[in-house]
Amino acid sequence: MRAIKILLSVVGLVGVGVAGAGLLPVSLAASAAADVAVGPQYDTTHVYVAPEDVDRSVASFIATFGGSASKQVTATVTPTPSSTINQLVLTPAGTLSVFGYKTPVPYPFGLERTGYLVTDMDAAVRLARSDGAAIVVTPFPDPIGRDAVIQWPGGVNMQLYWHTTPPSYAALKTVPENRVYLSREKADEFIRRFVKFAKAKVVTDDAKAPGIEIGRPHDSYRRVRIESTFGKMTVLVTDGQLPFPYGHELTGYEVANLTERVAGHVRATSC
């Protein structure tokens, strides 16, 4: 199952890029249709771990970023029979939804990278479909609302969710970046379609971003940064020849002191 993989960035380095250096103009923006997003504090990175590792994973993340966790529940959160431990982790740097399945994980769950809270599930699914997403799992009820799974060009899976009782989470101190690795052949199509769906804007499009960011210090690559009500996204356009662990991380977290945060993570994981 998928372990927690994160990328930490130092404040001041996040957001560096040459506007308009790539193939897409920075002015690329969404249509005038309704925005179904709620806010970046409701953008949850989905983390799948073995059930016996849930407590340790949650404690490690909180030790690194602060915050708190909800009470653990065991429930069926898929449209077909299954059972998972589920726990929400709320931190000033971002939100996790942690799953520890006690049964085999039904396909395609475990392949989605994030959960986006939407104001209206039916409207969000219609909008996603019209903007070029495939509806991989049609809307289904869960214990507290409804869910669906969509897929964008390039194979980017996301879960949309809606709660019967709207949740209320504190605003984030720093907004994490959803990190999407794509091929050169699919990047423009994904960016165009996701930007339209999310009512987003391309903040920077750097065709010569420093390769050290993907473990290749002698090369460059294309980096596109996108912002919307859902939060931040960084699209990393590469040839796929990436040294470990690049390409595995789902989310990048901005921190004020990198050494301090890494030390907190090391202390937590070594206990």
Interatomic distance, [X] atom [atom1] to [Y] atom [atom2] [nearest 0.5 angstrom]:
X: Arg193; Y: Trp152; atom1: CZ; atom2: CH2; answer: 8.5 Å
X: Gln151; Y: Met158; atom1: CD; atom2: CE; answer: 10.5 Å
X: Asp206; Y: Ser220; atom1: CG; atom2: OG; answer: 8.5 Å
X: Glu177; Y: Glu249; atom1: CD; atom2: CD; answer: 8.5 Å
X: Met121; Y: Asp147; atom1: CE; atom2: CG; answer: 5.5 Å
X: Thr204; Y: Ile226; atom1: OG1; atom2: CD1; answer: 9.5 Å

Exercise for the section: Answer yes when Lys232 and Asp43 have at least one side-chain N-carboxylate O distance shorter than 4.0 Å, and no when they do not. Expected result: no
Handout entry: Short N-O contact, Arg222 and Asp205, less than 4.0 angstrom
Key = yes
Do [X] and [Y] sit in the same hydrophobic cluster, where Ile, Leu, Val, Met, Phe, Trp and Tyr count as joined when their side-chain heavy atoms come under 4.5 Å apart?
X: Leu117; Y: Val89; value: no
X: Val235; Y: Ile212; value: no
X: Val73; Y: Val54; value: no
X: Val38; Y: Leu96; value: no
X: Val175; Y: Val180; value: no

Flag, side chain of [X] to backbone of [Y], donor-acceptor distance under 3.5 Å:
X: Glu189; Y: Ala187; answer: no
X: Thr238; Y: Gly240; answer: yes
X: Ser60; Y: Arg56; answer: no
X: Thr84; Y: Asn86; answer: no
X: Ser130; Y: Leu127; answer: yes
X: Thr234; Y: Arg179; answer: no
X: Ser70; Y: Leu88; answer: yes
X: Thr44; Y: Thr95; answer: no

Practice task
Walk me through it: do Leu182 and Val156 pass the test side chain to side chain contact (heavy atoms under 4.5 Å, CB included)?
Solution key: CA-CA 9 Å; Leu182 286 172; Val156 181; 3.9 Å; yes
Exercise for the section: Please indicate whether Tyr107 has more than 12 foreign heavy atoms, meaning atoms of other residues, nucleotides or ligands, lying under 6.0 Å from its OH. Expected result: no
Exercise for the section: Can you spot which of Tyr116, Phe230, Tyr169, Tyr161 makes a ring-ring contact (aromatic ring centres under 6.0 Å, His included) with Tyr42? Expected result: Tyr169
Exercise for the section: Would you please indicate yes or no on a ring centroid separation below 6.0 angstrom for Tyr221 and Tyr246? Expected result: no
Less than 4.5 Å apart, any side-chain heavy atom of [X] and any of [Y]?
X: Tyr253; Y: Thr91; result: no
X: Phe61; Y: Val47; result: no
X: Phe190; Y: Ser183; result: no
X: Thr64; Y: Ile62; result: no
X: Arg146; Y: Asp122; result: yes
X: Pro81; Y: Thr76; result: no

Problem - Identified side-chain hydrogen bond (donor to acceptor under 3.5 Å, both in side chains) counterpart of Thr45 within the set Thr251, Asn178, Thr114 - result: Thr251
Indicate the atoms forming the closest heavy-atom contact of [X] with [Y], along with that distance.
X: Thr119; Y: Ala37; value: CG2-O, 3.9 Å
X: Val58; Y: Ala69; value: CG1-CB, 3.7 Å
X: Gln72; Y: Ile85; value: OE1-CG2, 3.6 Å
X: Glu112; Y: Pro108; value: OE1-O, 4.0 Å
X: Ala75; Y: Pro143; value: CB-CG, 4.1 Å
X: Pro139; Y: Val125; value: CG-CG2, 3.8 Å

Problem - Which residues share a side chain to side chain contact (heavy atoms under 4.5 Å, CB included) with Gln241, sequence neighbours left out - result: Arg216, Asp239
Exercise for the section: Show your working on side chain to side chain contact (heavy atoms under 4.5 Å, CB included) between Val105 and Ser82 and close with a plain yes or no. Expected result: CA-CA 7 Å; Val105 183; Ser82 67; over 6 Å; no
Handout entry: side chain to side chain contact (heavy atoms under 4.5 Å, CB included) between Thr164 and Trp162, worked out
Key = CA-CA 7 Å; Thr164 305; Trp162 172 86; 3.9 Å; yes
Exercise for the section: Give the C-alpha distance, both sets of side-chain angles, the deciding distance and a yes or no for side chain to side chain contact (heavy atoms under 4.5 Å, CB included) between Phe109 and His46. Expected result: CA-CA 10 Å; Phe109 296 91; His46 282 200; over 6 Å; no
